[in-house]
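Residue indices begin at 1 and follow the sequence shown.
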Amino acid sequence: MRIARRTFLTSSIGTAVAPAILRLARADTPPITLKLHHSFSAVSGVHDKFLVPWARKIETESGGRMQVDIFPSMQLGGAPAALFDQARDGSADIVWAAPTLTPGRFAKIEIFELPFLPSRRALVSSKALTDFAAANLQDEFRDFYTICFSCSDSAAIHATRPVRTTEDMKDFKLHVQTRLAAEAMRTLGAHPVMMPSAQLPAAITEHVVDGCLDPWHLVPPLRLNDLLRSHTEFADHSPSARTYVLAMNKASYDRLPRELKSVIDSNSGQVAGAMAGAMWDQRAVAVANMVVERGDLIVTLLPEAVARWRKATEPVVDAWRKEMKEQKVDGAKLIAAANVLLAKYANEPEPQSSQVAPTQQQAVAQPPQPQANSAPKPAGPSASAGSSRGQPVRSAVRPAPAAPQPAQPQPPPAQAATASPAPASSVPPSPAAPPAAATVSAPAATSSALPASPPPAPAAQPSVAAAPPPPVASPMPKPVPKALDIPL
């Protein structure tokens, strides 16, 4: 009996001490180190605002048992096109890579690079692409553990002169990022040029290109704002986007303990995709604000105008469907699925930094002109007022609410007229800039110039003089669209 008691006490003490020993042993074990490789610089938004916060989140939630070492600017060697091979072969544990750099390898993900299919908001496109990938891209990325998918911020036309219509694209030499963007620009009569982005400033200076179709986040690092002072963005949909994948080596994932796999899992999918999408959008807004504060011109094409661009680039979509058919893939079905998902996330809240104050949603037609018979200067916000609040005023011209017209309408100033048949809007520069840079065209559905004196309207909406109506873009009469303040 005495021997049995000693045995029981010894067993009990061993059971109580074992977890403490395991904890001490775990504390002495060095953390599992994961190497994350990408091609962006260490000062880019991708590195500083997405990949670093994501890596720190992994380290914190693992209790320090995992460490993510990030290598920007291809510090581990190779070219950006080799990143997926590095993740597959294990020379890097995780990569942030663009599938479009390896044409033909990831054919179906190109659907989110088709012209005017992705949303103008990276957050919407990224969340839609993440769901789309879970349902349709498992075979293409079977060699990897895919952490998340993302679309870059909306591409804009940055050029040496304003671009408002498809006719403005004729013989325009334009840098593009993807093959589908090149095909789209070619159908518009432009001459697309594909080159590494780092060569773009020299190409602009030497007149190799007249501009570029690139996302906003590329403007500061390439100093494009010093070379290209006119910018055209598109409502609702982006003319071009580049997809990205945060992909992990399968063996690196499989050898993790179950609890550490759970940390990776809980920071994958929509969690990581939304982080990336919000990063793109916030960066785009910050860059556009900077451009506006400099007095540069931003033209925002409304949906009626964008529809003409979209119609002109339909042959590119048709050709992509034929390519998919040759690979025994139903391209039309995939496009329909992508559109459903984009509609599902279309109402996602804007990132906090891109929220627009109500006073900045006023219509802006042109700066008031000092004339004897002109209407009183409206008390609404100016471009400089919008910029001082950290947000550019980039609204479309908005007619006043329906009301009896006054007997003597004000003739519009001569310099407000434009020859553009497509609706567009632009941001007036700061007061020190020449007034001519603030001219914008009225929406295509506008049937007459705005009156000189303000009709009855809420106090928050000042009346403005508008340009003479351009030709109607739509074959059927439409109600005049309400003002849009389009965040990027």
Side-chain angles (χ1 to χ4, degrees), residues 33-42 44 46-47 50-51 54-55 58 68-114 118 122 125-126 129-152 177-181 194-198 215 240-256 261 264-265 267-269 272-273 275-277 279-280 320 323-324 327 329 334:
T33 301
L34 302 173
K35 294 180 292 185
L36 196 165
H37 198 202
H38 67 88
S39 62
F40 286 78
S41 74
S44 66
V46 169
H47 178 89
F50 169 52
L51 294 176
W54 181 85
I58 293 295
V68 181
D69 291 342
I70 307 179
F71 298 87
S73 303
M74 302 303 298
Q75 290 178 356
L76 295 181
L83 283 168
F84 281 111
D85 288 338
Q86 293 179 359
R88 182 196 60 194
D89 300 339
S91 55
D93 298 296
I94 305 172
V95 298
W96 172 255
T100 189
L101 295 178
T102 54
R105 183 173 181 178
F106 306 102
K108 288 189 288 187
I109 198 175
E110 279 191 326
I111 190 172
F112 277 79
E113 298 182 355
L114 288 171
S125 295
S126 297
L129 175 56
T130 298
D131 282 0
F132 181 86
N136 301 288
L137 302 182
Q138 295 299 311
D139 56 337
E140 284 193 346
F141 293 91
R142 59 184 174 274
D143 293 334
F144 313 94
Y145 174 88
T146 51
I147 295 172
C148 78
F149 295 80
S150 180
C151 280
S152 65
Q177 284 195 316
T178 69
R179 73 173 188 93
L180 293 175
M194 296 188 70
M195 67 178 73
S197 296
S240 174
R242 174 173 274 184
T243 56
Y244 289 90
V245 183
L246 191 60
M248 187 172 183
N249 174 267
K250 269 195 168 183
S252 297
Y253 175 81
D254 291 340
R255 65 171 171 259
L256 293 175
K261 286 181 181 177
I264 297 291
D265 295 344
N267 288 283
S268 299
M275 286 178 64
M279 175 273 301
W280 293 120
W320 183 84
E323 291 177 10
M324 291 297 99
Q327 300 181 32
V329 175
L334 292 179

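When all heavy atoms of Gly269 and Cys148 are compared, the pair lying nearest together is O-CB, 3.8 Å. Looking at every heavy atom in both residues, Ala107 comes nearest to Gln327 through CB-OE1, 3.8 Å. When all heavy atoms of Ala97 and Leu83 are compared, the closest pair comes out as CB-CB, 3.7 Å. When all heavy atoms of Ala81 and Leu101 are compared, the pair lying nearest together is CB-O, 3.7 Å. Shortest non-hydrogen contact noted between Ala42 and Ser73 is N-OG, 4.3 Å. Between Pro72 and Ser41 the shortest heavy-atom distance is CB-C, 4.1 Å.
Under a 3.5 Å cut-off, the side chain of Lys35 and the backbone N or O of Ile94 do not form any donor-acceptor pair. A donor-acceptor distance shorter than 3.5 angstrom exists from the side chain of Ser126 to the backbone of Cys151, with no hydrogens or angles considered. Of the possible donor and acceptor atoms, none in the side chain of Glu110 sits under 3.5 Å from a partner among the backbone N and O of Pro99. Judged by distance alone, with hydrogens and angles left aside, the side-chain atoms of Asp89 form no donor-acceptor pair with the main-chain N or O of Ser91 at under 3.5 Å.
With sequence neighbours left out, Thr178 forms a side chain to side chain contact (heavy atoms under 4.5 Å, CB included) with Thr100, Glu113, Leu180, Ala181, Ser240, Arg242. With sequence neighbours left out, Glu323 forms a side chain to side chain donor-acceptor pair (under 3.5 Å) with Arg179. Applying the ring-ring contact (aromatic ring centres under 6.0 Å, His included) test to Phe106 and every residue at least two apart in sequence or in another chain returns Phe84, Phe141. With sequence neighbours excluded, the residues that form a ring-ring contact (aromatic ring centres under 6.0 Å, His included) with His38 are His47. By the side chain to side chain contact (heavy atoms under 4.5 Å, CB included) test, Ser197 pairs with His175, Gln177, Leu218, Leu222, sequence neighbours left out. With sequence neighbours excluded, the residues satisfying side chain to side chain contact (heavy atoms under 4.5 Å, CB included) with Asn136 are Phe132, Leu334. When the ring-ring contact (aromatic ring centres under 6.0 Å, His included) test is applied to Tyr244, the partners found at least two apart in sequence or on another chain are Phe40, Trp96, Trp280. Considering only residues two or more places apart in sequence or on other chains, Ser268 meets the side chain to side chain contact (heavy atoms under 4.5 Å, CB included) condition with Tyr145, Ile147, Ile264. For Asp85, the salt bridge (charged side-chain N to carboxylate O under 4.0 Å, His left out) partners two or more places apart in sequence, or in a different chain, are Arg88, Arg105.
Within the structure, salt bridge (Lys or Arg N to Asp or Glu O under 4.0 Å) pairs that include any residue of residues 132-148 comprise Lys108-Asp139 (at least two apart or interchain).
Atom CH2 in Trp54 sits 5.5 Å away from atom CG in Leu246 (nearest 0.5 Å). Atom CD1 of Ile111 and atom CG of Leu129 lie 10.0 Å apart (nearest 0.5 Å). Between the CD1 atom of Ile58 and the CG atom of Asn267 there is a distance of 4.0 Å, given to the nearest 0.5 Å. The CG atom of Leu51 sits 5.5 Å away from atom CG of Leu36, with the distance rounded to the nearest 0.5 Å.
Val245 places none of its side-chain heavy atoms less than 4.5 Å from the side chain of Phe144.
No hydrogens or angles considered: nothing links the side chains of His37 and Gln75 as a donor-acceptor pair under 3.5 Å.
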